[in-house]
Amino acid sequence: MLIELAILGSTVAWLGVSTKKRKTSDTKKTTSSPTGKKLLKDVQDVVLDQSLSVPKKRKSLLLSTAAISTVLLGINFPSLYLFGSLAAFYLARHFFYATWQDLKQGRYITVYAMSSALAISMILTGNLLLATLGILASDFMVKLVKRTEENSQKHLVNIFSEQPSHVWLEKQGIEIQVPFDNVQKNDIVVVHAGEIIPVDGVIQQGIASIDQHVLTGESQAVEKNIGDEVFAATLALTGRIHIKVNTAGNETVAAKIGDILNNTKSYKENLTLRGKQIADGLLPVELGAGGLALALISPTAAMAALWSGLGYRMMVYGPISVLNYLQIFSRQGILIKDGRVLESLHEVDTVIFDKTGTLTLEQPTISHTHLFSTYDATELLTYAASAEYRQTHPIAKAILDKANEHEITLLTPDSTYYVVGYGIKVQVAQKLICVGSARFMQRENIVLPSNITEIQHQAEQQGHSLIYVAIDDELAGILEMQPSIRPEAKALIDYLHQRGLSTYIISGDHEQPTRNIANQLGVQHYFAETLPEHKADLVKQLRDEGKFVCFIGDGINDAIALKSAQVSISMKGASSAATDTAQIIFMNGSLTPLFKLFELTDDFEKNMNHNLFLSIAPGILNIGGVYVLHFGLATSMSIFYLGSVAGLANTLLPFIKHHNELTSS
């Protein structure tokens, strides 16, 4: 008993001293410190933030204090033992309530029922002090765990959905400050360097460097110019921009993501229930050990055996670990919309990639130049790039990138005429330049040579597109465009094969271009000429063969296939995160987060296995100690709570391991 009182007193003293030091240090400027000290401080801050933020209700605190005082009187004055016992029963009321709820649902042998019976037995056998300490420690642990869950959930949602109280609007050339709730669509919001962007919208004026890591996980800032989209919750590092509001308040991407993350509550509750089922399932073992100890040793030994708590802690370890990992995933630009997928990912043995937009980039590259006049390749590219100057569509960017690669100086167009869906016509250096499709050439009455059919047929078979360039009403040449494979794709496919996973490509293209990409990347299998509505059939076919399928698409025409797979990943990005059908979204629109997704999933699986071990091993040690070393109640209780502390420490390991990501926000 004295040992437990010493432990409890030491813990309180440590918290008090740590809090005092923490408050003192918070008033000073933070200076650089060694990594080890910073990490230690991060861990201490996490523990203190959780433990010191346990809610305090004045009335409940007063009643509990009075009950503890009565217990102490009952221990020291035998005549008051009855009143001390009643006070202990009051402190244990939460156990009795939980037991009553189980009984109403027809569950008679549960961890709550055993906890209640154990508390009663200890009080009736004269172990009032130990019973009270156990009740208080259990109550504190329950509140601590609940608060940890609340803080984790709140922090996770606030990553995306924090909003300022006021914003600056431009009205008739004047900047005025208005409440955030008054912002409406099409308003012009002004954001200065160092401010959080409060809305989703399009830049109308100015240039800024934007830190988007909250939404996309990108560590590097992105330069944003007029016409570029920006999203709420991102940070303007430099510059000053005027944003035309598309969505504000609860309609922003950040707020919708916050709503999605709130939906993980159902999965957390499911884990709690599963943890309780594990504990309830192990109760016969614990009761058997207690009954045998009662028969062979003593009633005290029986009660000590019942303090084993086999599997009991999984009720709290699992939910906390899940919430912690969801935070870490979000910091890597990975939005987990359904917590259950964390378990499913570990079972994946087959990964299917949609080709277009997933393995390939939106912007193609020029693979070949076909000449049909006296102009050479450099001249053809000069006129084509000059015509496409200031155009932002993928084909224009491909032409301009090729011109930059060859260090070509562009000519300034005198006039520009753009025909949507066909091409562009400009006057450059007294020459009329037309750049566009074959239909555009025909529309402009430009004659196409008869030998062009073979080029068209070969390009179609290869999955390439042709851009025609005419100069002064004569076809000068053709720029052949091929899809650009994502730079990270090859390394990613190799990584998946190293993990022992099978890889597939599904494409609507002809077989030849699909085979070419599969060969370039080393993908093992492919399906070509697949209509969007048939993608789901192929996913189902693989599932019927016993494969556990992860489908990765860009979110366009992939909704049915995404729903058909056991695990679904979309690369469509932050702009559609709230409406995408996938369970997982890569917020930066690239495949790179797939590496982290599998690595963190492995970490999560290990963490959960350690949780299970730490919820059972101390109990087994205790039962063995009761029979072999004759552990008493105090020792058994100490083992129980030390095991609980070890388990909670394990749930904090993700914070320790990834503290840089979690403290950078």
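It should be emphasised that the depicted structure is a prediction, and the values quoted were computed from it without experimental measurement.
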Is there a side-chain contact between Met608 and Leu342, using heavy atoms and a 4.5 Å cut-off? no

With rounding to the nearest 0.5 Å, note down the distance linking CH2 in Trp100 to OG in Ser116. 12.5 Å

Could you give the distance from CZ (Arg499) to CG (Asp494), rounded to the nearest 0.5 Å? 14.0 Å

Quick check for you: to the nearest 0.5 Å, what is the distance between Gln332 atom CD and Phe586 atom CZ? 11.0 Å

Any non-hydrogen side-chain atom of Pro299 less than 4.5 Å from a side-chain atom of Leu294? yes

Spacing of Thr300 atom OG1 and Leu130 atom CG [to the nearest 0.5 Å]: 10.0 Å

Would you check if Leu292 and Tyr627 make a side-chain contact, meaning some heavy-atom pair closer than 4.5 Å? yes

Expected output: side-chain Ser568 to main-chain Ser564 donor-acceptor under 3.5 Å: no

All heavy atoms of Met571 vs all of Leu591, minimum pair found to be SD-CD2, 3.3 Å

Partner residues of Leu653 under the side chain to side chain contact (heavy atoms under 4.5 Å, CB included) criterion, sequence neighbours left out: Asn607, Asn650, Ile656

Show the nearest heavy-atom pair for residues Gly309 and Phe640, with the distance to one decimal. CA-CE1, 4.0 Å

With Tyr504, which of Val539, Leu542, Val351 fulfils side chain to side chain contact (heavy atoms under 4.5 Å, CB included)? Leu542

Under 3.5 Å donor-acceptor, Gln566 side chain and Phe548 backbone: no

Is it the case that the side chains of Thr503 and His497 hold a donor-acceptor pair, with the cut-off being a distance below 3.5 Å and no angle test? yes

Does the Tyr317 side chain pair with the main chain of His610, one donor and one acceptor, at a distance under 3.5 Å? no

Is a side-chain N or O of Asn622 found less than 3.5 angstrom from the main chain of Pro618, in a donor-acceptor match? no

Shortest non-hydrogen pair, Leu614 vs Gly647, comes out as CD1-CA, 3.9 Å

Of the options Leu335, Thr601, Asn324, which is the one that meets Phe329 in a side chain to side chain contact (heavy atoms under 4.5 Å, CB included)? Thr601

To the nearest 0.5 Å, tell me how far Ile639 CD1 sits from Leu621 CG. 4.5 Å

Do any N or O atoms from the side chain of Thr651 and from the backbone of Leu648 form a donor-acceptor pair under 3.5 angstrom? yes

Between Val567 and Ile584, is any pair of side-chain heavy atoms under 4.5 Å apart? yes

Tyr495 and Phe595 aromatic ring geometry - parallel, tilted or perpendicular at 30°/60° bounds: tilted

Counting only heavy atoms from other residues, nucleotides and ligands, does the tally under 6.0 Å from NE2 of His525 exceed 12? yes

Heavy-atom pair with the smallest gap, counting every atom of Tyr325 and Leu600: CE2-O, 3.8 Å

Given side chains that start at C-beta, do those of Val626 and Ser636 come closer than 4.5 Å, heavy atoms only? yes

Looking at every non-hydrogen atom in both residues, tell me the closest pair between Ile623 and Ser308 and how far apart they are. CG1-OG, 3.1 Å

Closest heavy-atom contact between Thr125 and Met303? OG1-CE, 3.3 Å

Less than 4.5 Å apart, any side-chain heavy atom of Ile493 and any of Phe353? yes

Would you indicate whether the side-chain heavy atoms of Leu496 and Phe598 approach each other to under 4.5 Å? yes

To the nearest 0.5 Å, atom CD1 of Ile569 lies from atom CD1 of Ile585 at 11.0 Å

Salt bridge (Lys or Arg N to Asp or Glu O under 4.0 Å) between Lys606 and Asp602, worked out: CA-CA 6 Å; Lys606 291 176 184 176; Asp602 290 343; over 6 Å; no

Minimum side-chain heavy-atom gap Leu629-Thr635 below 4.5 Å: no

